[in-house]
Amino acid sequence: MPERRYNPSEIEPRWQRLWARERTWEVSNEPTLPGAPRASYVLEMLPYPSGEPHIGHLKNYALGDAIAHFHRRTGRRVLHPMGYDAFGLPAENHAIRTGVHPRRSTDDSIDAFQRAFRRWGVSIDWTRELATHEPSYYRWTQWIFLRMLERGLAYRKEAAVNWCPNDQTVLANEQVVDGRCERCGHEVEVRQLEQWFFRITDYAQRLLDDLDTIDWPEHVKAMQRNWIGRSEGAEVTFRCEELRLDYPVFTTRPDTLFGATFFVMAPEHPDVLRLAAGTAHEAAVHEYVNRALTESAELRGAADKPKTGVPLGRHVVNPVTGEPMPMYVADYVLMEYGTGAVMGVPAHDQRDWEFARAFELPIRPVVAAAGGEEPDVSGGAFVAHGESERLINSAEFSGLDAVAGREAIVARLERDGIGRAAVSFRLRDWLLSRQRYWGCPIPVVYCDGCGVVPVGDDQLPVRLPDIEDYQPRGRSPLAAAEDWVATTCPGCGAPARRETDTMDTFVDSSWYFLRYCDAHNDAAPWDPEVLRRWMPVDQYIGGVEHAILHLMYARFFVKALADMGLLDFQEPFRALFTQGMILGPDGQKMSKSRRNVISPAPIVERLGVDAARCYVLFIGPPDQDAAWSETSLEGVHRFLSRLWRLADALGERSPDAAVQPEAPTGDALALVRKANWAIDKVTGDMSGRFAFNTAIAAVMELVNEIYRHPEADIAARRFATATAASLLHPFAPHLGSEVYELLTGERVWEQPWPAADPGMLTAETFELVCQVNGKVRDRVQAATGASREALEALCLAAPGVTLHLDGREIVKVVVVPGKLVNVVVR
RNA sequence: GCGGGCGUGGUGAAACGGUAGACACGCCGGCUUUAGGUGCCGGUGGGCUUGGCCCGUGGGGGUUCGAAUCCCUCCGCCCGCACCA
């Protein structure tokens with residue numbers, strides 16, 4: 001007779017059909033009544049639909065789904081939706097190559113993702129599904145943009161911006177990595193262009209402060225703090241008497257003001273050419289500025305580049321010493337930070353030191369080390385400035401420590417009206433316009449009479465027209481859609497032209513988590529009352545690659561919308577979990593060129609999705625990268641087969657199978673204890689932490705224990721097996737359901753999470769570890785409730801202990817009840 | 001340079017300051033099988049004078065009755081930012 005086998009390809013689709021038919025994972029927006037289950041919003045970052053989902057998606061949804069199932073079974077109403085980040089460059093670049101409309105390739109890919117997620121058995125409420133390229137969604141993206149515009153949080157300005165010549169569009173600062181385009185890797189150029197920005201810098205301080213209120217991984221918060229880059233210091237005004245012009249600079253080191261011996265401006269500074277005009281350096285300055293402005297960001301940004309610059313032929317006055325300081329233009333000064341000009345303090349700033357060396361400028365120390373003697377600045381700047389360093393060469397401030405000196409100098413500047421304490425941020429405004437087709441149209445028109453005019457709310461959405469030619473030519477391909485561009489001014493009715501730039505796709509994904517809550521609202525992007533039931537997201541799960549971009553933008557959106565009275569919370573994601581990557585079998589990042597890519601589809605087909613899901617969770621701590629191992633995957637599949645076979649062998653179904661037998665003895669007792677131990681272990685591993693790897697290991701131990709006790713009475717074996725299925729269900733929902741139903745006839749997802757019986761968590765005896773001077777010398781059985789004295793006596797009598805006590809003096813005995821006794825001897 | 005993190009068997013990894021290496025892979029052995037595979041059972045950190053002892057969590061030092069875990073220091077690796085005044 002052929003043995004029956006665990007057959008996931010039969011089991012899994014059967015359960016999936018039932019969940020779809022019964023709409024098991026849908027949740028309503030009904031107000032929660034007092035005493036009703038608490039709401040929980042579990043969300044994975046929405047996928048960008050391109051091709052088919054990869055193994056990283058599987059891990060992402062295996063994690064999120066395990067949390068969602070666990071929350072449901074511990075008595076919470078869970079919102080677990082799905083959507084697609086559907087606008088974006090890859091689909092558009094594909095269209096340029098093939099002529100296939102991005103909508104078509106995107107929709108095909110969305111179909112593939114939907115099929116995969118259903119085949120993976122992820123417990124999603126599909127009624128809330130959305131895609132950011134649908135007019136019903138981007139209508140509200142545009143609506144939010146208009147609210148930003150009304151509040152002055154969206155604005156146009158001309159600025160030096162990052163331009164990717166390959167993708168033919170501008171990029172946000174966050175999308176430039178090492179001077180290269182984050183997407184295509186092409187070197188980024190600097191161009192002076194008028195563009196749309198979001199005023200995220202208005203929120204810099206709040207974005208920084210509120211990091212303390214959210215439960216996010218420390219490294220992600222650190223990256224955001226770093227990116228926001230708050231610095232405390234002072235703004236000091238320097239005057240150019242020759243032209244009667246004042247130039248403020250920002251410095252974090254006002255304590256070194258007496259050491260400022262020169263003054264440097266960025267090549268982009270608007271006054272540079274004007275200052276040099278008429279001096280002997282005029283031509284040289286022109287040449288230098290032109291070169292600096294056309295140089296690639298990567299080249300200019302190199303920190304180890306020798307300092308270059310050109311004198312402007314002008315001077316400013318040091319406001320505290322009265323000395324003239326020569327002015328220079330140099331590309332180590334950035335226009336985007338501070339005021340675009342700096343005071344040069346070569347003795348105490350390494351960059352200024354290098355510049356002073358190159359231009360033979362005086363290097364005057366004004367801060368002394370702890371000993372009080374002048375620091376040696378012949379080899380580099382002296383940068384320490386704590387309470388143990390003292391000011392020197394600083395008139396009446398000499399002798400103060402650097403901290404007190406800084407405060408005193410700022411106070412003096414304030415009194416004289418030439419400076420004040422100031423804070424500066426590294427964060428820049430978010431450049432959101434893109435000269436590309438496949439994105440959300442920016443809902444404004446340009447009118448010769450009225451200027452920039454917002455499209456009326458009742459005219460939304462401004463639909464993205466179909467076009468034939470997607471090739472970008474330095475402007476949006478939309479500009480060629482003449483019929484679409486030509487419109488009338490909403491203000492005066494005169495002929496006007498539509499904005500042809502589209503929005504950065506990060507705008508689309510900065511609010512999608514709000515729309516899920518109220519996905520079918522036609523009158524508003526959401527009903528604030530409905531949002532109150534679900535937001536903020538209780539658990540957000542995704543890759544660390546979004547630590548700055550998406551996660552910072554979404555936080556900004558929520559704060560801005562809250563200020564408009566549209567939301568009543570300040571942070572979108574209460575808790576964040578960043579999953580580790582799955583690497584190829586060679587331990588390298590998966591890539592087509594390395595030919596080490598593992599696709600989920602064939603694995604799911606061969607071993608089932610439960611095995612794949614359990615494997616990616618069992619592989620190691622989920623926040624850690626891990627290499628794919630085919631043999632480990634098969635080991636997990638083997639474990640699932642073992643569980644299935646137990647259920648198959650244990651006979652007819654009965655609701656009693658899940659009930660713990662009363663007063664078990666012998667083998668049965670061992671099994672019941674192990675089952676309760678596993679309940680306790682898995683519950684602990686899933687509450688607060690995400691130790692799914694050890695949770696699955698605990699269920700493996702339980703299954704092993706059942707195999708080891710074939711003589712235990714059937715009730716105990718059925719109880720232990722049903723418990724294993726119940727505990728495994730969040731990770732292997734199909735097999736968990738199958739085994740639980742085979743044994744009990746019940747639906748596991750409708751069962752409350754099992755509770756351990758405290759009476760079964762401890763045996764009447766335990767193994768007492770007996771140590772001498774911290775080394776284990778014996779183990780003896782001891783009664784669970786035994787007194788400290790009794791445990792001490794047992795230990796002192798243990799043969800392994802007496803051997804090592806021989807002739808030595810007992811100094812002390814440490815007793816840890818229920819665990820061990822340590823005898824300290826001399 | 002600044003910030004965050006990591007270092008434990010052949011491998012992935014476990015371990016509220018309390019038995020280092022759970023669980024799994026791999027490997028070795030046994031049983032079942034005509035055989036292979038599957039399945040089940042057992043073994044598996046290193047060393048030695050092997051009923052037992054010694055060593056062992058990157059190196060060194062410290063706190064403690066007791067340290068992979070806490071502190072100091074050095075070494076190595078990974079990630080993020082980086083001419084941000």
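Letters A, B, ... are given to chains in the order of the sequence lines, protein chains preceding strands, and every chain is numbered from 1.
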P spacing across the pair B/rC65 / B/rC77, given as an integer number of angstrom =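 That atom pair is separated by 38 Å.
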Give one of base, sugar-phosphate or nothing for A/Val544, where a contact means two heavy atoms less than 4.0 Å apart.
-> nothing
Would you kindly say whether A/Asn7 and A/Ser9 are connected by a side-chain donor-acceptor distance under 3.5 Å?
-> yes
Determine: side-chain N/O of A/Arg642 to OP1/OP2 of B/rU38, distance under 4.0 Å, yes or no.
->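 Negative; the distance criterion is not met.
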Side chain of A/Asn693 (C-beta onward), nearest among B/rG3, B/rG18, B/rA14 | B/rA14
Select base, sugar-phosphate, or nothing to describe what A/Arg225 touches, counting heavy atoms under 4.0 Å on all strands.
-> nothing
Would you mind telling me which of B/rC40, B/rC83, B/rG12 lies closest to the side-chain atoms of A/Lys307?
->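 That would be B/rC83.
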Test item: A/Arg357 side-chain N/O and A/Gly380 main-chain N/O as donor-acceptor pair under 3.5 Å =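 Not a single qualifying donor-acceptor pair exists.
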Rounding to the closest angstrom, what is the interatomic distance between B/rG61 and B/rG17 at atom P?
-> 25 Å
Measure from the side-chain heavy atoms of A/Arg645 and tell me the nearest of B/rA22, B/rC53, B/rG39.
-> B/rG39
Between A/Lys812 and A/Ser629, name the one whose nearest nucleotide on RNA chain B is closer to the 5' end.
-> A/Ser629
With P as the reference atom in both, quote the distance from B/rC41 to B/rG46 in angstrom, rounded to an integer.
-> 24 Å
Result of checking A/His709, A/Glu705, A/Glu701 against A/Lys674 for side chain to side chain donor-acceptor pair (under 3.5 Å) =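 Testing each of A/His709, A/Glu705, A/Glu701 against A/Lys674, the sole residue satisfying side chain to side chain donor-acceptor pair (under 3.5 Å) is A/Glu701.
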Please state how far atom CG in A/Asp623 lies from atom P in B/rC78, giving the value in whole angstrom units.
-> 19 Å
C1' spacing across the pair B/rC74 / B/rC83, given as an integer number of angstrom | 31 Å
Do A/Phe618 and A/Phe639 have ring centroids that are under 6.0 Å from one another?
->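 Ring centroids of A/Phe639 and A/Phe618 are no less than 6.0 Å from each other.
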Distance, C1' atom - from B/rU57 to B/rG9, rounded to whole angstrom = 10 Å
Using a cut-off of 4.0 Å on non-hydrogen atoms, how would the nucleic acid contact of A/Pro217 be classed: base, sugar-phosphate, or nothing?
->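 Answer is nothing: A/Pro217 stays at 4.0 Å or more from every strand.
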Measure the distance from NE2 on A/His709 to C1' on B/rC40 and round it to the nearest whole Å.
-> 16 Å
Checking B/rC53, B/rG80, B/rC25 against the side chain of A/Thr631 (C-beta onward), the nearest is B/rC25
Closest to the A/Met223 side chain, choosing from B/rA14, B/rG80, B/rC83 =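 Closest nucleotide to the A/Met223 side chain: B/rG80.
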Is there a residue in residues 767-776 of chain A whose heavy atoms reach under 4.0 Å of RNA chain B, and which residues are they?
-> A/Glu767, A/Val769, A/Gln771, A/Lys775, A/Val776
Could you give the distance separating B/rG66 and B/rU44 at their P atoms, to the nearest angstrom?
-> 30 Å
So what stems show up for RNA chain B if we need 3 or more Watson-Crick or G-U pairs in a row, all under 3.5 Å?
->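 As far as RNA chain B goes, consecutive pairing (with distances under 3.5 Å) yields the stems B:1-7 with B:75-81, B:10-12 with B:23-25, B:26-31 with B:39-44, B:45-48 with B:52-55, B:58-62 with B:70-74.
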Closest-nucleotide 5' rank along RNA chain B - winner of A/Asp625 and A/Ala697 =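 Between the two, 5'-proximity favours A/Asp625.
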Just say parallel, tilted or perpendicular for the rings of A/His348 and A/Phe382, cut-offs at 30° and 60°.
->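 Judged by the thresholds at 30° and 60°, the geometry between A/His348 and A/Phe382 is perpendicular.
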Taking the six-membered ring for Trp, are A/Phe262 and A/Phe359 ring centroids under 6.0 Å apart?
-> no
Regarding the side chain of A/Asn822, the nearest nucleotide among B/rA14, B/rC40, B/rG18 is B/rG18
Between A/Asn596 (side chain) and A/Lys589 (backbone), is there a donor-acceptor pair under 3.5 Å?
->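 Such a contact is found between A/Asn596 side chain and A/Lys589 backbone.
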Heavy-atom donor-acceptor pair, A/Asn318 side chain to A/Ala260 backbone, under 3.5 Å |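 Answer holds: yes.
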B/rG58 and B/rU64: how far apart are their C1' atoms, nearest whole angstrom?
->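 Per the computed distance, 23 Å lies between those C1' atoms.
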Only one of A/Arg291, A/Lys307, A/Lys305 clears side chain to side chain donor-acceptor pair (under 3.5 Å) with A/Asp331; which?
-> A/Lys305
Under 3.5 Å: donor-acceptor pair, side chain of A/Thr339, backbone of A/Pro248 |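 Looks like yes, one N/O pair under 3.5 Å.
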Base, sugar-phosphate alone, or nothing: which one does A/His637 contact when heavy atoms must sit under 4.0 Å apart?
-> nothing
Between A/Ile696 (CD1) and B/rC25 (P), how many Å, whole number?
-> 14 Å
Would you indicate which nucleotide in B/rG39, B/rA15, B/rA85 comes nearest to any side-chain atom of A/Arg638?
-> B/rG39
Side chain of A/Phe618 - closest among B/rC81, B/rG18, B/rA24 |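 Nearest listed nucleotide: B/rA24.
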Given atom CG of A/Asp685 and atom C1' of B/rC23, what is their separation to the nearest angstrom?
->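 Checked: the CG to C1' distance equals 12 Å.
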Would you mind classifying the nucleic acid contact of A/Gly338 as base, sugar-phosphate or nothing, using non-hydrogen atoms under 4.0 angstrom?
->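 If one applies the 4.0 Å heavy-atom cut-off, A/Gly338 turns out to touch nothing in the nucleic acid.
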Atom OH of A/Tyr707 to atom C1' of B/rG39: distance rounded to whole Å?
-> 9 Å
Nearest-Å distance for atom pair CD/P, residues A/Glu634 and B/rG26 = 8 Å
Select base, sugar-phosphate, or nothing to describe what A/Ser641 touches, counting heavy atoms under 4.0 Å on all strands.
->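 A/Ser641: no heavy atom of the nucleic acid under 4.0 Å.
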Options B/rA85, B/rA13, B/rC41, nucleotide nearest the side-chain atoms of A/Thr252 =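 The answer is B/rA85.
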Give the rounded distance in Å between these two atoms: CG of A/Leu803 and C1' of B/rC53.
->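 One finds 10 Å between C1' of B/rC53 and CG of A/Leu803, rounded.
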Touch class at under 4.0 angstrom, heavy-atom based, for A/Val824 against every strand present =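 Touches sugar-phosphate only.
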Listed partners of A/Thr237 passing side chain to side chain donor-acceptor pair (under 3.5 Å), at least two apart = none
Using a cut-off of 4.0 Å on non-hydrogen atoms, how would the nucleic acid contact of A/Ala222 be classed: base, sugar-phosphate, or nothing?
->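 Since only primed, P, OP1 and OP2 atoms lie under 4.0 Å of A/Ala222, the category is sugar-phosphate.
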Examine the side chains of A/Tyr247 and A/Asp271 and answer whether a donor and an acceptor come within less than 3.5 Å of each other.
->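 Yes, a side-chain donor-acceptor pair sits under 3.5 Å.
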Looking only at side-chain atoms of A/Val814, point me to the closest of B/rA22, B/rC65, B/rC83.
-> B/rC65
Remember a base hit wins even if backbone is also touched, and classify A/Leu334 as base, sugar-phosphate or nothing at under 4.0 Å, heavy atoms.
->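 Since a base atom lies under 4.0 Å of A/Leu334, the category is base.
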Looking at the angle O4'-C1'-N9-C4 for a purine or O4'-C1'-N1-C2 for a pyrimidine, is B/rG76 syn or anti, with syn meaning within 90° of 0?
-> anti
Scanning both residues in full, the closest heavy-atom pair of A/Val772 with A/Val801 reads CG2-CG1, 3.9 Å
Looking only at side-chain N and O atoms, does A/Ser231 come under 4.0 Å of OP1 or OP2 in B/rA85?
->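 Checking B/rA85 against A/Ser231, a side-chain N or O does come within under 4.0 Å of OP1 or OP2.
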Taking 4.0 angstrom as the limit, do A/Arg606 and A/Glu634 come out as a salt bridge?
-> yes
Mind checking the C1' distance from B/rG43 to B/rU8? Whole angstroms is fine.
-> 22 Å
Have a look at A/Arg428 and say if it touches a base, only the backbone sugar-phosphate, or nothing, with a 4.0 Å heavy-atom cut-off.
->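 If one applies the 4.0 Å heavy-atom cut-off, A/Arg428 turns out to touch a base.
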Separation of atom CD in A/Glu336 from atom P in B/rC81, rounded to whole Å =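 Roughly 17 Å, once rounded to whole Å.
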Counting only side-chain N and O atoms of A/His219, is one of them less than 4.0 Å from OP1 or OP2 of B/rC78?
-> no
